[in-house]
Visitor: 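Below are the structure tokens for one structure; questions will follow.
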Amino acid sequence: MLRSFAKGLLTSSVAAARRTMSHSSLSGKVAIVTASTDGIGLAAAQALGKRGAHVVVSSRKQANVDKAVSLLRSEHIQVTGTTCNVGNREDREKLVNLTVKECGGIDILVSNAAVNPFFGNILESTEAVWDKILDVNVKASFLLTKLIVPHMEKRGGGSVVFVSSIAGYQPMQALGPYSVSKTALLGLTRALAPDLANSNIRVNCVAPGIIKTRFSSALWQSEDLVDELKKQLSIKRLGEPEEIGGVIAFLCSDDASYITGETVMVTGGISCRL
């Protein structure tokens with residue numbers, strides 16, 4: 001009897017483990033992650049890759065792509081790399097076509113690319129600044145999604161994750177145009193989700209707080225500024241890229257199969273609402 005009980009317990013444990021693995025595993029999935037050679041983009045590629053996805057990483061510079069591909073391969077992650085400026089139509093098409101050719105299809109898009117060429121009073125920002133920020137941070141996210149949707153439909157569905165920012169909820173001083181572009185991604189998420197749900201494609205968004213990346217270094221390299229930021233945090237430290245990558249991987253997994261049109265704030269407890 002004891003032997004039968006132990007055997008039953010072992011069988012139940014194995015079955016439970018398999019269910020857990022099947023939900024969190026992204027084996028067989030193909031994921032495009034833009035701006036993915038460092039920071040949050042690289043962390044997202046690592047998180048997706050470690051769960052079994054074949055990740056396609058990109059950056060505007062070949063040297064950065066090569067470095068990221070080498071790192072990911074050293075971590076036993078299936079990876080393809082290419083240069084891509086998402087603000088350029090030809091580059092977006094090249095990214096999608098290469099992925100389909102090399103990997104057979106597309107299941108996941110993580111739209112992470114962003115620029116911020118302006119720092120100062122928003123009234124001093126020029127039309128050229130607005131054009132560049134909106135072209136890359138907002139329009140490219142939509143246009144790349146539009147390119148990829150037919151390929152996701154061929155695979156029976158997929159997942160899109162936009163990377164916004166806490167600045168989308170609470171505009172940051174001297175980062176006005178950038179903040180507005182991040183607010184736009186919150187709306188884009190809500191606008192796309194109902195239409196794409198009919199194709200079994202989920203659309204979600206992540207809004208990181210202050211994360212220690214090269215892109216945000218101007219904010220966290222000042223000790224005085226960091227001390228002020230920490231006063232707003234429940235968790236009294238800055239975030240790490242891996243903490244965003246994990247949330248992105250969750251949203252792309254079957255564990256999040258009933259989540260769409262949502263933005264997950266990963267801010268260390270800063271309270272912000274639109």
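Since this is a predicted model, take the numbers as computed values, not measurements.
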Visitor: Pair E243, R237 - check salt bridge (charged side-chain N to carboxylate O under 4.0 Å, His left out), show working.
Guide: CA-CA 12 Å; E243 292 173 303; R237 63 174 177 81; 2.6 Å; yes

Visitor: When you measure from the side chain of D254 to the backbone N and O of S257, does any donor-acceptor pair fall under 3.5 Å?
Guide: no

Visitor: Is the count of non-hydrogen atoms from other residues, nucleotides or ligands lying under 6.0 Å from R60 atom CZ greater than 12?
Guide: no

Visitor: Just wondering, more than 12 heavy atoms not from Q173 lying within 6.0 Å of its CD?
Guide: no

Visitor: For a side-chain hydrogen bond (donor to acceptor under 3.5 Å, both in side chains) check, start with the C-alpha distance between S199 and E153, then their side-chain angles and the critical distance, and finish with the verdict.
Guide: CA-CA 6 Å; S199 298; E153 289 175 333; 2.8 Å; yes

Visitor: Could you tell me which residues satisfy side-chain hydrogen bond (donor to acceptor under 3.5 Å, both in side chains) with H151, sequence neighbours excluded, listed by chain and number?
Guide: none

Visitor: With a 4.0 Å cut-off on N to O distance, would you call R89 and E93 a salt bridge?
Guide: yes

Visitor: In terms of side-chain heavy atoms, does Q46 have a donor or acceptor partner in E75 at a distance below 3.5 Å?
Guide: yes

Visitor: Whether the side chain of N204 engages the backbone of T263 through a donor-acceptor N/O pair (distance < 3.5 Å, no angle test) should be reported.
Guide: no

Visitor: Say whether T83 and K94, considering side chains only, have a donor N or O and an acceptor N or O under 3.5 Å apart.
Guide: yes

Visitor: Locate the shortest heavy-atom distance separating P117 from I133; write the atom from each residue and the value.
Guide: CD-CG1, 3.4 Å

Visitor: Please collect all side-chain hydrogen bond (donor to acceptor under 3.5 Å, both in side chains) contacts where either partner lies in residues 187-197, sequence neighbours excluded, each pair once.
Guide: none

Visitor: Using side chain to side chain contact (heavy atoms under 4.5 Å, CB included) as the criterion, point out the one residue from V110, L42, V56 that pairs with V33.
Guide: V110

Visitor: Mind listing the closest non-hydrogen atom pair of V138 and S181 along with its distance?
Guide: CG2-O, 3.5 Å

